[in-house]
Amino acid sequence: MKFLDEAKVYIRSGDGGNGCVAFRREKYIEFGGPSGGNGGRGGDVIIEVADGLNTLIDYRYQQHFKAQKGTNGMGKDRHGANGKDIVLKVPVGTQILDEDRETLIHDFTKLGERFVLAEGGNGGFGNAHFKSSTNRAPRNANPGQEGEERWIWLRLKLIADAGLVGLPNAGKSTFLSVVSAAKPKIADYPFTTLHPQLGVVDVDGREFVLADIPGLIEGAHEGAGLGDRFLGHVERCRVLLHLVDATCEHAGKAYKTVRNELMAYAGELTEKVEIVALNKIDAVDADELKKQKDRLKRAAKKTPLLISGVAGTGVKEALRALVEVIGEAPVSEKAKGAAQAEPWAPQNV
Ligand SMILES: Nc1nc2c(ncn2[C@@H]2O[C@H](COP(=O)(O)OP(=O)(O)OP(=O)(O)O)[C@@H](O)[C@H]2O)c(=O)[nH]1
Ligand SMILES: [Mg+2]
């Protein structure tokens, strides 16, 4: 399954059915009177959060969604049937934006949430409706009201409690694979991860959702590497886990590069609580470790945790530090279904 976090779709609610002009015609009944039924209501366009979805990929294949038109009214006082609604299913964390791609129409944060985006048109009245004491044989009926049409953007911002950030190759995906059942692609080259990944982490009986996103490089906010658009997926996190590779040239510089990108994307990201960890400590000797640790400490202005995703060193402590910030109420309580469902696999594209 590929990942798609934005999609433009066209929606149209159903037109109302037309009212009907008819008169009762029966043997021996003179002046049978008007008998045109009303048109049915057009169907609504509804957007609903569905369980087990984690991408908007379906909207790459179908972009037009039209609800059914109401049936026209008929003679013998028969009203038209209402048109069927159309329901678009989206993953939790999806936002609906207007065509301008900015105006937020709705933000879905809970499973099962429904939002009527466009109502169907009302059906027109048939001529039976216009019967009155002064006009006993009306020859007019209303046409059905037209449905609404518009283009909208769907944008997915994953709901996770904690987000992993760092340069490419920092070991983010490895960390996620060690602490959760997620099976992200891991490899010794930058930009292994092309799409965000979610995993459910269980630490001391407490669960939370951890998101792994593609690595950031200098200039990501100007589009370098995979750019910074995936940062949208950690926007809703309570806490960030910033991994710095101990085997890199200068842990302090590596840290700052990522911080600068977070800042350039949105200042709020840098205000989030950040746990800093020097990763891959199994791969450096004691001297180098101390050097890198000091550099990182100076840059981050706090003592980093020392961990190794591969060896499992310090991983528990890092998770506990995250849980402490997430507190009692994970934002993702309702989003776990999405994370547990087929965790973005296989994402080797
Ligand atoms: N020695 C050692 N190697 C590690 C550790 N964690 C990850 N690696 C290796 O580092 C390389 C990159 O790991 P990934 O987990 O793919 O890194 P990433 O941060 O997800 O990289 P991108 O997805 O490209 O941003 C792989 O070859 C891993 O095996 C660790 O704790 N110790
Ligand atoms: Mg990765």
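Along the sequence shown, residues are numbered consecutively beginning with 1. All figures in this text were calculated on a predicted structure; none of them were measured in a lab. All ligand and atom numbering here is 1-based and tracks the order in the structure. As a basis for the values below, the full set of heavy atoms in this structure was taken, side chains included, without hydrogen atoms, waters or symmetry mates.
Of the protein's non-hydrogen atoms, the one nearest atom 12 (C) of ligand 1 is N169 OD1, 2.9 Å. Shortest contact from atom 29 (O) of ligand 1 to any protein heavy atom: I186 CG2, 4.1 Å. For atom 14 (P) of ligand 1, the closest non-hydrogen atom on the protein side is T174 OG1, 3.6 Å. For atom 23 (O) of ligand 1, the closest heavy atom belonging to the protein is T193 OG1, 2.7 Å. With hydrogens left out, the protein atom closest to atom 31 (O) of ligand 1 is G309 N, 2.9 Å, a heavy atom.
The shortest side-chain heavy-atom distance between P34 and R139 does not fall under the 4.5 Å cut-off. Between I217 and P168, the closest side-chain pair of non-hydrogen atoms falls below 4.5 Å. Within the 4.5 Å cutoff, side-chain heavy atoms of V244 are placed close to those of L278. With a 4.5 Å cut-off on side-chain heavy atoms, T94 and V49 do not count as touching. Put simply, the side chain of L154 reaches to within 4.5 Å of the side chain of I96, judged on heavy atoms. At a threshold of 4.5 Å between non-hydrogen side-chain atoms, the residues I152 and V9 count as touching. Residues Q63 and I11 form no side-chain contact, since every pair of their non-hydrogen atoms from C-beta on lies 4.5 Å or further apart. When side chains are defined from C-beta on, V92 does not count as touching K110, because their heavy atoms never get closer than 4.5 Å.
Using a 4.0 Å cut-off between heavy atoms, P184 makes no contact with ligand 1 at all. Contacts between F175 and ligand 1, counted as non-hydrogen atom pairs separated by less than 4.0 Å, are absent for every part of the residue. Contact annotation: for N279 versus ligand 1, heavy atoms closer than 4.0 Å belong to the side chain alone.
Using a 30° and 60° split on the angle between ring planes, Y255 and H242 fall in the parallel class, below 30°. The aromatic rings of F108 and H106 lie perpendicular to each other, with more than 60° between the two planes, well past the 30° mark.
Among K280, K172, K185, the residue whose heavy atom lies closest to atom 10 (O) of ligand 1 is K280. Among I217, I307, D282, the residue whose heavy atom lies nearest to atom 1 (N) of ligand 1 is D282. Scanning A283, G171, G215, S173 for the heavy atom closest to atom 17 (O) of ligand 1 points to G171.
Listed by chain and number, S173 OG, T193 OG1 are the protein N/O/S atoms closer than 2.8 Å to the Mg ion (ligand 2), with waters left out.
Here T247 contributes atom OG1 and I281 contributes atom CD1; the two are 12.5 Å apart, rounded to the nearest 0.5 Å.
Remark: ligand 1 atoms within the under-4.0 Å shell around heavy atoms of V310 are 2 (C), 3 (N), 4 (C), 5 (C), 6 (N), 30 (C), 31 (O), 32 (N). Residue Y189 has at least one heavy-atom neighbour below 4.0 Å for each of these atoms of ligand 1: 24 (O). Of all atoms in ligand 1, numbered sequentially from 1 with element shown, those under 4.0 Å from a heavy atom of P190 are 24 (O). Ligand 1 places these atoms under 4.0 Å from at least one heavy atom of S308: 31 (O).
For Y265 and F230, the distance between ring centers is not under 6.0 angstrom.
Distance alone, capped at 3.5 Å, places no donor-acceptor pair between the R136 side chain and the K131 backbone.
No more than 12 heavy atoms of other residues, nucleotides or ligands sit less than 6.0 Å from atom CD of E146.
Put simply, no part of G166 is less than 4.0 Å from ligand 1, judged by heavy atoms.
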